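First up is the structure itself, then whatever we jot down about it.
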Amino acid sequence: MESLKLQNSLKPGAPVPFVPIEKGKVSWYACGPTVYDKSHLGHARNYVSTDIIRRILMHYFGFKVNFVMNITDIDDKIIIKARRQRLLELEKQKTYTPEELQKLALSAFQSYAESSLKLLVKEGEELNHANYLERRDAAYGRVLSGGTMSGEGKPGDDEAKIKMHISNMDAAANAIKEGSVFPGSDEIFLPFLDSQYKETIDTRDQTIFTNLTQSMEALFTADMDALNVLRPDVITRVTDYVPQIAKFVEGIVDKGFAYEAEGSVYFDIAAFEKAGNTYARLRPENRNDKSLQEEGEGSLSKGLGGKRGQGDFALWKKSKAGEPFWPSKWGDGRPGWHIECSVMASDILGSQMDIHSGGIDLAFPHHDNELAQSEAYFCQHDKGEHTWVNYFLHMGHLSISGSKMSKSLKNFQTIQDALATDYTARSMRIVFLMGKWSDGVEISPDMRAQADNWETTVSNFFTNTKSWLAEAGMTNGVKSLSIDNGESAKGLLAELAQAKKEVDAALQNSLDTPKAMLVILKLVNTTNVFLKDNKDVNLAEVEAIARWITKLVGIFGLDPHATAPYEGLGWASVLAADVDPETAVEPFKSVLENVKREVAALSLTSDAISSLLEQDPTPEFESLSSAGTRDVEQLALPYLRGVSQIRDELRRIVSAQNAETKKAVLQLTDRIRDQDLTNLGVYLDDRPDNQPSLIKFIPAAELIAAREEKAALAAEKARKKEEARLAREQAEREAKEKARVPPEELFKKDERYSAWDEHGLPTLMKDGSEVPKSQLKTAKKLWDRQKKAYEDLKAKGEL
């Protein structure tokens with residue numbers, strides 16, 4: 001679709017027209033995870049946003065997308081973590097005396113500080129668990145209190161890293177102090193043991209690494225499924241491609257753009273540019289950033305020599321002792337980080353692709369190096385630069401407290417924990433939809449509140465619309481309403497037509513989902529106001545709006561139960577393929593049968609009740625089932641309508657019953673609403689003026705939580721009421737006990753005074769001075785009050 005424009009990192013500035021290589025088709029390679037730890041919210045931001053774009057291209061713009069994603073299952077981070085875990089396991093199996101173990105732990109403690117928290121180290125003075133806290137607070141107190149090391153600006157990645165290291169040291173210091181060492185000292189032992197014994201690991205047994213990567217990949221896949229992220233059309237893994245990678249590197253060497261040095265192969269940036277090619281096309285300003293270059297090469301690359309230029313990067317790394325290896329013409333080695341994506345993407349998609357995507361932190365050096373080596377491999381010297389990628393899409397990263405969420409900084413919340421505590425898959429996706437995919441996101445309370453409001457507003461609109469349609473008997477729905485909502489549309493249909501235009505413009509403008517989300521919210525709010533102010537509303541128009549919004553939320557991936565082309569109404573409630581309709585509606589049918597039985601037992605003299613008890617909803621259910629309906633809500637409606645009508649009639653006639661029957665009826669109607677139907681995810685919305693209750697489908701968990709919260713509030717109210725009653729009774733007892741004192745004795749035990757008159761009123765203070773007039777006046781008021789209370793008690797005969 002030529003009207004679609006995308007923000008292309010290869011062409012900074014305004015979005016550019018999206019024109020795929022082959023009309024109607026999109027070839028897309030996405031950088032996948034490095035599987036060495038659990039996935040966190042930063043990964044969710046990347047992969048959910050990528051999924052949103054993919055879904056919009058497929059289901060809104062109609063492209064056929066071939067989506068390829070890699071799994072990095074061997075790199076420096078994986079090697080280090082797997083090797084360290086193995087060394088720690090071996091260390092814990094050794095036999096040490098308590099003194100030997102503590103001495104070893106202190107060596108690891110000192111080593112960790114020297115490597116990661118240098119300000120703790122004082123020349124000639126040992127660092128240990130006894131002097132650690134004092135040194136920590138002196139050196140890093142400013143960071144621990146929320147500031148920066150320099151004392152200026154806001155804390156960022158450097159401060160997050162310091163806090164991570166301090167946390168590890170805190171745990172170790174406490175463990176050493178307690179004499180337990182493990183597991184509190186694990187984090188400081190991992191690098192220490194690696195520095196001592198890494199070369200002793202036999203890496204011919206690659207299960208050291210595959211055991212880690214396979215388990216982490218399984219967790220990643222489960223996380224993505226839980227977030228309703230579509231699985232890739234093709235998944236590639238680095239370890240499946242090592243021979244092809246070695247061959248690809250040979251091709252770059254043969255073209256004169258790479259060279260071998262001491263068993264490693266490096267990309268020759270100078271030769272690449274001399275041939276007329278462009279290096280660092282994505283981030284030219286970062287090409288000489290030494291820290292980024294070193295991060296891209298990996299921590300295990302230190303010690304590999306022979307590079308001609310500082311920015312030259314490894315295509316093939318000579319494996320050192322303690323590292324996995326594969327054969328090559330240059331000797332045993334392993335792939336560089338960047339080359340893996342070039343080889344895997346090119347193997348599946350060829351020498352050119354439409355889209356390449358990944359997190360913004362990969363732009364340099366990873367993606368810039370990918371581009372350079374791929375364009376070097378495919379270029380023909382007499383034909384100018386080769387274009388390997390047409391559109392580079394970079395997802396903005398997620399920030400927390402001003403710093404990037406990162407595994408290496410350990411300032412992250414895992415996806416598993418987030419879904420178990422703070423988010424649902426839908427609420428998380430809404431947060432990401434409310435920010436542009438290419439912008440950074442820092443989740444704040446305000447953003448969460450806005451996202452929650454959006455979800456609640458849309459959910460309530462779906463629920464209410466289905467309730468109104470059910471009440472009107474429009475339960476089968478209208479999948480394709482032949483309503484003119486074009487230029488001549490009025491009222492709600494005019495609002496719908498305008499919303500469609502605005503959403504289309506937003507999505508064409510580089511998939512501006514924040515704008516689209518606002519349009520949806522505005523349309524719902526406008527419709528709600530219209531419904532409130534206009535009694536005679538054409539429900540078909542409301543349904544048309546609800547179905548259009550349903551389609552959009554389906555496209556955005558907000559409904560895990562919905563499938564394209566998203567022609568339902570509201571959040572989908574689809575019957576599982578292996579459950580027949582009768583089994584699915586059995587709980588609803590059972591409620592109706594139980595209610596009928598209990599109402600019949602009340603022996604009410606009501607023709608309306610008798611008629612309702614005789615009605616059989618089974619034919620209506622069978623009609624829906626035979627028509628192929630597999631929506632549980634629609635299938636259950638005949639039975640729920642029967643329950644609701646009986647309950648409504650009971651509420652109408654209850655006032656005319658005797659006290660005992662009235663109590664039984666009220667208990668039954670409350671139980672139907674608050675227990676029977678709530679447990680099935682159905683809420684009966686009672687309305688005034690004998691209007692029928694609206695049947696609303698709301699997740700059972702939400703209804704049960706609301707019921708429990710209501711019960712808890714009621715219990716708390718009752719508790720406070722009982723406390724107040726007991727306090728009143730205690731006060732009354734104390735007042736009565738006080739009233740038993742004769743007024744003449746009221747001040748006799750008050751040590752402030754030394755003399756009293758014949759009525760017991762004080763005349764002299766303890767020091768012999770007269771009682772001040774103001775104080776005597778106050779005392780007289782108290783004496784009068786006591787006299788009255790005493791005489792009242794005496795009159796009641798309670799003295």
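Everything quoted here is computed from the prediction, not taken from an experiment.
- A distance-only check finds no donor-acceptor pair linking the side chain of Asn509 to the backbone of Asp512 [under 3.5 Å].
- Pairs passing the salt bridge (charged side-chain N to carboxylate O under 4.0 Å, His left out) check and including a residue from residues 366-378, sequence neighbours excluded, read Arg281-Glu375.
- Heavy-atom neighbours of Lys23 NZ from other residues, nucleotides or ligands within 6.0 Å: at or below the threshold of 12.
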Let me have the donor-acceptor pairs involving side chains of residues 314-321, under 3.5 Å, with sequence neighbours excluded, atom names and distances please.
from	atom 1	to	atom 2	distance (Å)
Trp316	NE1	Ser328	OG	3.2
Lys317	NZ	Asp76	OD1	3.4
Lys317	NZ	Glu297	O	2.5
Lys317	NZ	Ser301	OG	3.0
Ser319	OG	Pro324	O	2.7
Lys320	NZ	Leu300	O	2.6
Lys320	NZ	Lys302	O	3.1

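- Contacts of His394 classified as ring pair (Phe, Tyr, Trp, His ring centres under 6.0 Å), with partners at least two apart in sequence or in another chain: His367, Phe392.
- Residues meeting the salt bridge (charged side-chain N to carboxylate O under 4.0 Å, His left out) test with Asp223, sequence neighbours left out: none.
- When the ring pair (Phe, Tyr, Trp, His ring centres under 6.0 Å) test is applied to Tyr391, the partners found at least two apart in sequence or on another chain are Phe18.
- By the 30° and 60° cut-offs, the orientation of the rings of His43 relative to His40 is tilted.
- Each of Arg86, Lys81, Arg84 was evaluated against Asp194; a single residue qualifies, Arg84, per the salt bridge (Lys or Arg N to Asp or Glu O under 4.0 Å) test.
- In this structure, Lys94 is positioned above the aromatic face of Tyr197, its NZ or CZ under 6.0 Å from the six-membered ring centre and within 45° of the axis.
- Panel note: side chain Asn168, backbone Ile188; no donor-acceptor pair is recorded below 3.5 Å.
- Judged by a 6.0 Å distance limit and a 45° cone about the ring axis, Arg308 is positioned over the six-membered ring of Tyr259.
- Under a cutoff of 6.0 Å and an axis angle of 45°, Lys92 and Phe182 form a cation-pi pair.
- For the pair Asp75 and Arg334, the salt-bridge criterion is not met [side-chain N within less than 4.0 Å of a carboxylate O].
- Using the six-membered ring where Trp is involved, Phe272 and Phe257 have ring planes that are perpendicular, over 60° apart on the 30 and 60° scheme.
- Under a 4.0 Å N-O distance rule, the pair Lys198/Glu323 does not qualify as a salt bridge.
- Residue pairs meeting the side-chain hydrogen bond (donor to acceptor under 3.5 Å, both in side chains) criterion with at least one partner in residues 242-254, sequence neighbours excluded, do not occur; the list is empty.
- Cation-pi geometry between Arg54 and Phe67 is satisfied (NZ or CZ under 6.0 Å from the ring centre, within 45° of the ring normal).
- For the side chain to side chain contact (heavy atoms under 4.5 Å, CB included) with Thr213, the qualifying choice from Val238, Ile78, Thr34, Thr72 is Ile78, the only one to do so.
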Exercise for review: Test side-chain hydrogen bond (donor to acceptor under 3.5 Å, both in side chains) on Gln110 and Glu114 and set out the steps.
Suggested key: CA-CA 6 Å; Gln110 177 82 22; Glu114 291 173 352; 3.2 Å; yes

